[in-house]
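Below is one structure, written out as C-alpha cells; comments come after it.
The figures that follow rest on heavy atoms only: side chains count, while hydrogens, waters and symmetry mates do not. Quick caveat: nothing in here was measured; it's all calculated off a predicted structure. Residue numbers run from 1 in the order of the sequence given.
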Amino acid sequence: MQIDFAPSRQSTLGVEWELALVNARTGELVSVANDVLKGVAANHPDLNEDDEHPHIKRELLLNTVELVTGICETVKDAKEDLSRSLAAVREVTDSMGVEVFCAGSHPFSPPLLQPVTDKERYAKLIERTQWWGRQMVIYGVHVHVGIDRRDKVLPILDGLVNYFPHFQALSASSPFWAGEETGYASQRALMFQQLPTAGLPFQFETWEAYESYVQDMFTTGVIDATSEIRWDIRPVSNLGTIEMRICDGLATLEEVGAIAALTQCLVDEFSSILDAGGTIPTMPPWHVQENKWRAARYGMEAIIILDAEGNEQLVTEHLTETVVRLEPVAAKLGCSEELADVLKIIERGASYQRQRRVAAEHDGDLQAVVMDLVQQMRKGPDA
C-alpha cells in the first residue's frame, strides 16, 4: 500500500480545541451542539444554516464542539484564530444559557447518558466498541505541525514519543469521572486507549514498514480509513503534518498556546537535527509505555524515564530544562512568550491539581469545579 505524504512548509501549525457545552446554572453537560452550530452558521455571512463553519465543527458527542484553526505560521496566529472561533460560539451560547469549558473529562455528568452525533462513522464506532465507546466523554487538544520531507516524519514521531509524559503531565485535567475521584491525574489518557488503534504509536524504522502496517489494518478490517488510526501521535499524510494528540483538554487559551509552542519547538528542533545529518534518540517501547502510565497517574509529580539507559528525573525538572534548551528555537519561530507559559503551568499547577484544590475548598462539590473551569476559560487561568 502506498501512502503519499503531502509535504508542508516546515513547522507551520494547526490546533484543534474540543470544548464541552454545559448548563450555565447547573454545570451539567447539555447536548445542544446542533443548535449551537446552526446558530453559528446563521451568524456567518457566507454560510447557509446547514453549512459547516470552516473553523467550528461537530464531534462524537452532542455536548461538544471543536474549534479548528487554519494553517498558521505562529502560535500567536493560532491563538487569535481560536479566539475568534470561541467568540463566534459565545455569540450563540450566551443567549441559550449555555457555557463552555475544557478539561479532559466532565467531573460529574454520567458518560452513558450523553447522546452521540448522528453521523455514520460515529454510529459505527459505538456499534463496534460498545460500552467502552459510550464512555468516551473526553476532551482534548491536538496540535499539527508541518513537515517538509516524508523521510523526517517517523524519526520526528519517535522524538515526540520521548516527550509523551511531559505533554501528559502539563495537560492532565481529568481526575474526576462520573462524580468519582479516580486517583489519576489523567483518567482520559487510559480511557481513550481502550479504542481500537488508539494509544501509543508503533515505531517504524522506514515509511514502507508504516505502509505495511496500514495495509494490514485495512486487510484485516480493523480500519476503513487511515484517519481511524487514533494514535496519541500520528502522521497525517494528506495534510503533511505530525499530529500531537496526547493532551487532555486545556482550560485556557494561554495553556493551549503553551502546549502548541512546546510542540512546534520540539518538531522544529528535531527537523533541524535531521537536516544536519544527525539522529534522534529513541527509547524502548516498554519505557515509553511506563512513562505514559506514570504521567497519567502522577501528573506533575511523575518521575519519568529519560532514555534507553533508564535514567530518571522529575518531569517538571526536565520540562524546565527543556524550555531553556528550546528558547533559541522559540525565538526563531516567534513563540518565546508562549513557550515561557509552560513554566507558568508548572508554577500554577496543572488543571487536575487546580480542580482538586477547588473540590477540597468546596467540600467535594464538583459543580464548583465545573464553574471554576468555566470562569478560567472566560477570564484566564488565574480567574
Just how far is it from atom CD of E301 to atom CD1 of I303, taken to the nearest 0.5 Å?
9.0 Å
Beyond-backbone contact of E180 with F176, side-chain heavy atoms, under 4.5 angstrom
no
E28 and S109: side chain donor to acceptor below 3.5 Å:
no
Backbone of S173 reached by a side-chain donor or acceptor of D248 within 3.5 Å:
yes
Hydrophobic cluster identity match, L160 and V75, side-chain contacts under 4.5 Å:
yes
Spacing of OG1 belonging to T64 relative to CE belonging to M136, to within rounding of 0.5 Å:
13.0 Å
E181 side chain to G183 backbone, donor-acceptor under 3.5 Å:
yes
Salt-bridge present (R294, E290; N to O < 4.0 Å)
yes
Electrostatic pair K79-E254, nearest N-O below 4.0 angstrom:
no
Check whether any side-chain heavy atom of L67 lies under 4.5 Å from a side-chain heavy atom of H55, and answer yes or no.
no
Evaluate salt bridge (charged side-chain N to carboxylate O under 4.0 Å, His left out) for R378 paired with D94, printing each intermediate quantity in order.
CA-CA 12 Å; R378 280 200 176 270; D94 283 352; 2.7 Å; yes
Donor-acceptor pair, W17 side chain versus L250 backbone, under 3.5 Å?
yes
Do V92 and I56 sit in one hydrophobic cluster, given that two such residues count as connected whenever their side-chain heavy atoms are within less than 4.5 Å of each other, even indirectly?
yes
Strictly by modelled atom types, are T219 and D216 linked by a side-chain donor-acceptor pair under 3.5 Å?
no
Could you check whether any side-chain N or O of S351 sits under 3.5 Å from a backbone N or O of A103, counting only pairs where one atom can act as donor and the other as acceptor?
no
Candidate pair H53 and H44, rule side chain to side chain contact (heavy atoms under 4.5 Å, CB included), full reasoning:
CA-CA 8 Å; H53 192 283; H44 195 289; 3.5 Å; yes
Considering only NZ, NE, NH1 and NH2 on the basic side and carboxylate oxygens on the acidic side, decide whether K57 and E16 come within less than 4.0 Å.
no
Can you measure from CD1 (I345) to CG (L262) and round to the nearest 0.5 angstrom?
9.0 Å
Does atom CD of Q130 have more than 12 heavy-atom neighbours, drawn from other residues, nucleotides or ligands, at distances under 6.0 Å?
yes
Within the distance-only criterion (no hydrogens, no angle test), does the side chain of E18 pair as donor or acceptor with the backbone N or O of G140 below 3.5 angstrom?
yes
Measure across V369 and P107 and return the closest heavy-atom pair with its distance rounded to 0.1 Å.
CG1-CG, 4.0 Å
Given the rule in the side-chain hydrogen bond (donor to acceptor under 3.5 Å, both in side chains) test, do Q376 and R354 qualify, once you have shown the distances and angles that lead to the verdict?
CA-CA 11 Å; Q376 286 183 56; R354 305 199 302 269; 2.8 Å; yes
Evaluate side-chain hydrogen bond (donor to acceptor under 3.5 Å, both in side chains) for D275 paired with S272, printing each intermediate quantity in order.
CA-CA 5 Å; D275 284 340; S272 297; 5.3 Å; no
Quick one: do the Q2 and D4 side chains pair a donor with an acceptor below 3.5 Å?
yes
Taking C-beta and beyond as the side chain, do E243 and I233 meet within less than 4.5 Å on heavy atoms?
no
Identify whether F101 and V358 are in the same connected component of the hydrophobic contact network (ILVMFWY, side-chain heavy atoms under 4.5 Å).
yes
Hey, is the main chain of E208 close enough, under 3.5 Å, to the side chain of S212 for a donor-acceptor pair?
no
Is the backbone N or O of I280 less than 3.5 Å from a side-chain atom of D158, with the two atoms forming a donor-acceptor pair by type?
no
Students often mix this up, so state it plainly: with edges at 30° and 60°, are the rings of H106 and F108 parallel, tilted or perpendicular?
perpendicular
Any side-chain heavy-atom pair of R134 and I126 under 4.5 Å:
yes
I'd like to know if the side chain of Q10 and the backbone of D148 have a donor-acceptor N/O pair within less than 3.5 Å.
yes
When you compare the side chains of E255 and T252, does any donor N or O come within less than 3.5 Å of an acceptor on the partner?
yes
Can you name the nearest heavy-atom pair linking G299 to A169, along with the distance?
O-CB, 3.5 Å
Enumerate, atom names and distances included, each donor-acceptor pair closer than 3.5 Å involving a side-chain atom of residues 330-337, sequence neighbours excluded.
{"unit_1": "K332", "atom_1": "NZ", "unit_2": "D268", "atom_2": "OD2", "d": "2.5"}
{"unit_1": "S336", "atom_1": "OG", "unit_2": "A331", "atom_2": "N", "d": "3.4"}

Taking 4.0 angstrom as the limit, do K344 and D341 come out as a salt bridge?
yes
Could you report the tightest heavy-atom contact between V153 and P235, atom names first, then the distance?
CG1-CB, 3.8 Å
Is there a side-chain contact between V374 and V100 (heavy atoms, below 4.5 Å)?
no
Whether over 12 other heavy atoms sit under 6.0 Å from F218 CZ:
yes
Note, P110 side chain near V137 side chain (heavy atom, < 4.5 Å):
no
F204 vs Y213 aromatic rings, parallel, tilted or perpendicular, using cut-offs 30° and 60°?
tilted
Decide whether Y184 and L373 are clustered together by the hydrophobic rule: side chain heavy atoms of Ile, Leu, Val, Met, Phe, Trp, Tyr closer than 4.5 Å, transitively.
no
Exceeds 12 heavy-atom contacts within 6.0 angstrom, atom CG of N311:
yes
F5 backbone acceptor or donor facing W207 side chain under 3.5 Å
no
Once the angle between the rings of Y163 and F270 is folded into 0 to 90°, is it parallel (under 30°), tilted (30 to 60°) or perpendicular (over 60°)?
tilted
Between V214 and I147, is there a shared hydrophobic cluster once you connect ILVMFWY residues whose side-chain heavy atoms come closer than 4.5 Å?
yes
Would you say R234's side chain and S227's backbone share a donor-acceptor pair under 3.5 angstrom?
yes
If you measure only the distance, is there a donor-acceptor pair under 3.5 Å linking the side chains of Q313 and H318?
no
Do Y298 and V315 have side chains that approach each other closer than 4.5 Å (heavy atoms only, starting at C-beta)?
no
Step by step, would you call T206 with L154 a side chain to side chain contact (heavy atoms under 4.5 Å, CB included)?
CA-CA 7 Å; T206 66; L154 296 178; 5.8 Å; no
What do you reckon, is CD of E312 surrounded by more than 12 foreign heavy atoms closer than 6.0 Å?
yes
Could you check L61 against S31 for side chain to side chain contact (heavy atoms under 4.5 Å, CB included), going step by step and ending with a plain yes or no?
CA-CA 8 Å; L61 298 173; S31 298; over 6 Å; no
Kindly indicate whether the side chain of P155, heavy atoms from C-beta on, has any atom under 4.5 Å from the side chain of K152.
no
